[in-house]
Amino acid sequence: MKNLKKLLLLAALTLSAATAAAQDPETDWANFGRFEAENAALAASPEVVLMGNSITEGWIRLRPGFFAENGYVSRAISGQTTSQMLVRFRADVVELHPRIVVICAGTNDIARNTGRISLEHILDNLQSMVELARANGIRPILCSVPPAGAFGWRPELKPAQDIVRLNGMIRAYADAEGIPYVDYHTPMAAADGSMNADYTKDGVHPTEAGYAVMERILPPVVKRVQAEIGK
């Protein structure tokens, strides 16, 4: 009984601390500060900005040459949800004046990193980012959420089928709006909807082998859009 009380007290204190942090007026919830200096230091507008989470952030960390060779700039932040990305979209995409933005998001929404959110509202956030881009003359490209069968930080969740459903919604929206759609899920998924073990160590984040698959898929789509708008 004493141990149970201690566990309940610890859980209450942890929740209280997390709630206080979320309500702290000094907290940069959307993490505007992450790229503030880099944005200010840009000498020219980037050709292509990649907006995303740790999957994109890990990509530029492991494969910086790929980004440099293709003129891609990352504005991805590990752990972020579409709600956070939407809040900082103007600062980290629109105000950089790229010609193209590649949006790859949704994993952390399904993991409930900033709380429970429906698939429909995840799509709403993605649609809002697309609309912001288009209103400012930026061509959007939407990506599938990569496969995942479990989240190490949220082991109680079983995300594989939610990811499949969300990807279907993203693709349907992209098709209806004439937006290019990049499908990472199909070539990287195992039969059960998890990420193929050849491409990941933790089931969520690609290894270099996983990024090699993605690197075969994204550039042709970007180049097609560049050709349409005139490079």
Would you indicate whether the side-chain heavy atoms of Leu119 and Met169 approach each other to under 4.5 Å? yes

Charged N-O contact under 4.0 Å between Glu36 and Arg34: no

Any side-chain heavy-atom pair from Leu126 and Met85 closer than 4.5 angstrom? no

Before accepting this row, confirm whether a basic side-chain N of the pair Arg171/Asp183 lies closer than 4.0 Å to the acidic partner's carboxylate O. yes

Would Ser83 and Asn125 count as a side-chain contact (heavy atoms from CB on, under 4.5 Å) here? Give the steps. CA-CA 6 Å; Ser83 299; Asn125 286 340; 3.1 Å; yes

Taking C-beta and beyond as the side chain, do Ile217 and Met214 meet within less than 4.5 Å on heavy atoms? no

Check the hydrophobic clustering (I, L, V, M, F, W, Y; side-chain heavy atoms under 4.5 Å; chains of links allowed) and say if Phe151 and Leu166 are grouped together. yes

So if you build clusters from Ile, Leu, Val, Met, Phe, Trp, Tyr with side-chain heavy-atom gaps below 4.5 Å, do Trp153 and Ile117 land together? yes

Which of Asn136, Leu132, Ile138, Val130 passes side chain to side chain contact (heavy atoms under 4.5 Å, CB included) with Arg134? Answer is Val130

When you compare the side chains of Thr200 and Asp202, does any donor N or O come within less than 3.5 Å of an acceptor on the partner? yes

Using side chain to side chain donor-acceptor pair (under 3.5 Å) as the criterion, list what pairs up with Gln161, not counting sequence neighbours. none

Would you say Asp92 and Asn39 make side-chain contact, with heavy atoms under 4.5 Å? yes

Side chain to side chain, His205 and Ser54, heavy atoms closer than 4.5 Å: yes

Applying a strict under-4.5 Å side-chain criterion to I, L, V, M, F, W and Y, I'd like to know whether Tyr181 and Val48 cluster together. no

May I ask you to test the Val101-Arg139 pair for a side-chain heavy-atom distance under 4.5 Å? no

Got Arg88 and Arg90 here, is their nearest side-chain heavy-atom distance under 4.5 Å? no

Is a side-chain donor-acceptor pair under 3.5 Å present for Glu177 with Gln127? no

Shared ILVMFWY cluster between Val225 and Val73, side chains joined below 4.5 angstrom? no

ring-ring contact (aromatic ring centres under 6.0 Å, His included), paired with Tyr211, selected from Tyr184, Phe67, Trp59, Phe66: Trp59

N-O pairing of Glu215 and Arg63 below 4.0 Å: yes

In this structure, CD1 of Ile103 is separated from CG of Leu86 (nearest 0.5 Å) by 9.5 Å

With a 4.0 Å cut-off, would you call Arg75 and Glu57 a salt bridge? no

Is any side-chain heavy atom of Glu228 closer than 4.5 Å to a side-chain heavy atom of Arg224? yes

Thr81 and Asn108 side chains, donor-acceptor separation under 3.5 Å: no

